[in-house]
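To start, the structure under review is shown below, and the notes come after it.
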Protein chains: 2
Amino acid sequence: MVSKQPDPHPEIPDEIDGLRMTKQRKEIYHILMEYRDHPTASEVYMRAKERLPSISQATVYNCLQALVQHQIIRQVNFERESSRYCPNLREHVHFHDSATGAIHDVDFKPGFQLNELLQLPEGVQVEDIEITLRGKLPQSS
Amino acid sequence: MVSKQPDPHPEIPDEIDGLRMTKQRKEIYHILMEYRDHPTASEVYMRAKERLPSISQATVYNCLQALVQHQIIRQVNFERESSRYCPNLREHVHFHDSATGAIHDVDFKPGFQLNELLQLPEGVQVEDIEITLRGKLPQSS
DNA sequence: GTATGGAATTGGAATAATTCTTGATATCGG
DNA sequence: CCGATATCAAGAATTATTCCAATTCCATAC
Ligand SMILES: [Mn+2]
Ligand SMILES: [Mn+2]
Ligand SMILES: [Zn+2]
Ligand SMILES: [Zn+2]
């Protein structure tokens with residue numbers, strides 16, 4: 001007779017946007033929210049194993065994909081590297097610090113318009129924008 | 001006693017930016033310049049085999065990489081798809097037509113400034129920008 | 001023209017991220 | 001509790017790309 005363990009992440013609802021938030025999905029979502037450092041799937045896997053030692057890589061990929069498809073997190077790609085995952089749902093840009101490898105979120109200024117920047121042909125419907133920057137931060141950021 | 005074949009691509013110099021332009025590199029560069037449709041490595045391979053039947057996939061990858069490293073062409077990545085290759089060296093943006101899958105180059109407006117658009121911290125040095133759009137063109141483009 | 005050393009090419013094996021398959025578990029509604 | 005359905009786990013499979021070793025090419029020197 002084993003009593004049910006308390007939910008380790010009570011702040012995460014049991015369902016988001018129609019997606020049942022299982023123990024594994026909650027843990028993975030929590031991991032992304034904790035540091036927001038854009039980890040790869042295998043970094044998520046290593047962190048998840050600490051609380052859920054029996055979790056598998058396949059489950060990490062499954063969960064990340066489910067969260068992405070339900071627009072609870074975003075998948076971020078840079079060049080040909082492993083995908084990274086980001087829980088920031090605001091429209092934003094990714095800045096890769098070429099010195100440290102860290103990835104930082106950068107917001108748009110309010111009221112930005114893409115056609116102020118680009119010579120877009122008349123009538124195009126832009127459904128998605130992805131902007132990535134690479135560069136250096138001023139020292140000791 | 002075989003007389004040397006005429007160069008099929010005399011418009012391409014025998015050396016660009018310190019890179020010796022071999023038969024294979026010329027052919028691949030020519031393929032990219034011909035339609036500028038951002039082919040993948042295996043699309044380039046299929047086209048290259050018509051003129052150079054003995055070329056290998058490894059050579060196509062080698063040549064593309066050499067051309068990219070010498071900044072003669074650019075490598076373009078979209079999500080997790082195969083890399084595509086682009087001979088347009090102007091600073092530009094890639095628009096993916098979600099109806100046809102075609103990729104179009106879009107130029108910046110003259111005098112654009114990224115910090116008019118983004119809340120970048122003071123003193124960052126942006127070394128590289130990559131912008132990808134996905135959307136629909138007005139019908140019959 | 002021929003020799004030679006380095007660069008380039010080739011074909012196949014290796015790699016690595018991700019996806020697929022299949023069977024076991026867990027959860028939900030009744 | 002029972003059956004239906006969703007999820008998870010483990011390992012195999014896939015696919016784009018890179019690596020490796022052997023051959024071929026080519027520019028220059030003789
Ligand atoms: Mn928590
Ligand atoms: Mn030509
Ligand atoms: Zn982000
Ligand atoms: Zn382009």
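Computed from heavy atoms alone, side chains included, the values below leave out hydrogens, waters and symmetry copies. Naming: A, B, ... by sequence-line order, numbering from 1 per chain.
- In this structure the side chain of B:Ile72 never reaches within 4.5 angstrom of the side chain of B:Arg25, judged on heavy atoms.
- For residues 71-95 of chain A, the ring pair (Phe, Tyr, Trp, His ring centres under 6.0 Å) pairs, not counting sequence neighbours, are A:His38-A:His94, A:Phe78-A:His96, A:His92-A:His94.
- The backbone N or O of B:Gly135 sits less than 3.5 Å from a side-chain atom of B:Ser98, completing a donor-acceptor pair.
- Going from atom NE2 of A:His70 over to atom P of D:dA6 covers 12 Å, rounded to whole Å.
- Taking the side chain as every heavy atom from C-beta outward, A:Arg74 and A:Val68 never approach each other to under 4.5 Å.
- Within 4.0 Å (heavy atoms only), A:Thr59 reaches at least one base atom of the nucleic acid.
- A close approach under 4.0 Å does not occur between any side-chain nitrogen or oxygen of A:Arg20 and OP1 or OP2 of C:dT27.
- Picking from C:dT18, C:dT19, D:dC8 the nucleotide with the shortest atom distance to the side chain of A:Ser82 gives C:dT18.
- Between A:Ile28 atom CD1 and D:dT7 atom P the separation is 13 Å, expressed in whole Å.
- Map A:Gln75 and B:Asn62 each onto its nearest nucleotide of DNA chain C; the residue landing nearer the 5' end is B:Asn62.
- Taking atom CE of B:Met21 as the reference point, atom P of D:dA27 lies 14 Å away to the nearest angstrom.
- Out of C:dT9, D:dT18, D:dT17, the shortest distance to the side chain of B:Gln65 is found at D:dT18.
- Within residues 44-57 of chain B, no residue has any heavy atom under 4.0 Å from DNA chain D.
- Nucleotide C:dA7 holds its C1' atom 16 Å from the CG atom of B:Asp14, rounded to whole Å.
- When the C1' atom of C:dT18 is taken as reference, atom CG of A:Asn77 falls 12 Å away, rounded to whole Å.
- Counting any heavy atom pair closer than 4.0 Å across all strands shown, B:Ser83 reaches sugar-phosphate atoms only and no base atom.
- Atom C1' of nucleotide C:dA17 and atom CZ of A:Arg84 are separated by 13 Å, given to the nearest angstrom.
- In this model, the phosphate group of C:dT19 is not approached by any side-chain N or O of A:Tyr61 to a distance below 4.0 Å at OP1 or OP2.
- Considering only side-chain atoms of A:Leu19, the nucleotide from D:dT7, D:dA9, C:dT18 that sits closest is D:dT7.
- Proximity of A:Gln24 to the phosphate of C:dA26: no side-chain N or O atom is located under 4.0 Å from OP1 or OP2.
- Between A:Arg25 and D:dT7, a side-chain N or O to OP1/OP2 separation shorter than 4.0 Å is present.
- A salt bridge does not link B:Arg134 to B:Asp97: none of the charged side-chain nitrogens sits closer than 4.0 Å to a carboxylate oxygen.
- Atom-to-atom, CD of B:Glu15 to P of D:dC26 comes out at 15 Å; the value is rounded to the nearest Å.
- At most 12 non-hydrogen atoms from other residues, nucleotides or ligands lie less than 6.0 angstrom from NZ of A:Lys23.
- Looking at B:Glu15 and B:Arg20, no side-chain N of the basic residue comes within less than 4.0 Å of a carboxylate O on the acidic one, giving no salt bridge.
- Hydrophobic clustering, with ILVMFWY side chains joined whenever heavy atoms are under 4.5 angstrom apart, keeps A:Val124 apart from B:Ile103.
- A salt bridge is defined here as a Lys NZ or Arg NE, NH1 or NH2 lying under 4.0 Å from an Asp or Glu carboxylate O, and A:Lys136 with B:Glu127 meets this definition.
- The CG atom of A:Leu64 sits 14 Å away from the C1' atom of D:dC8 (whole-angstrom rounding).
- Contact check on A:Asp7 versus A:Lys26 returns a salt bridge, with a Lys/Arg side-chain nitrogen under 4.0 Å from an Asp/Glu carboxylate oxygen.
- Between its two ends, the helix from C:dG1-D:dC30 to C:dG30-D:dC1 turns its axis by 30°, counting five pairs per end and rounding to 10 degrees.
- Nearest to the side-chain atoms of A:Arg80 among the listed nucleotides C:dT10, D:dC8, D:dT17 stands D:dT17.
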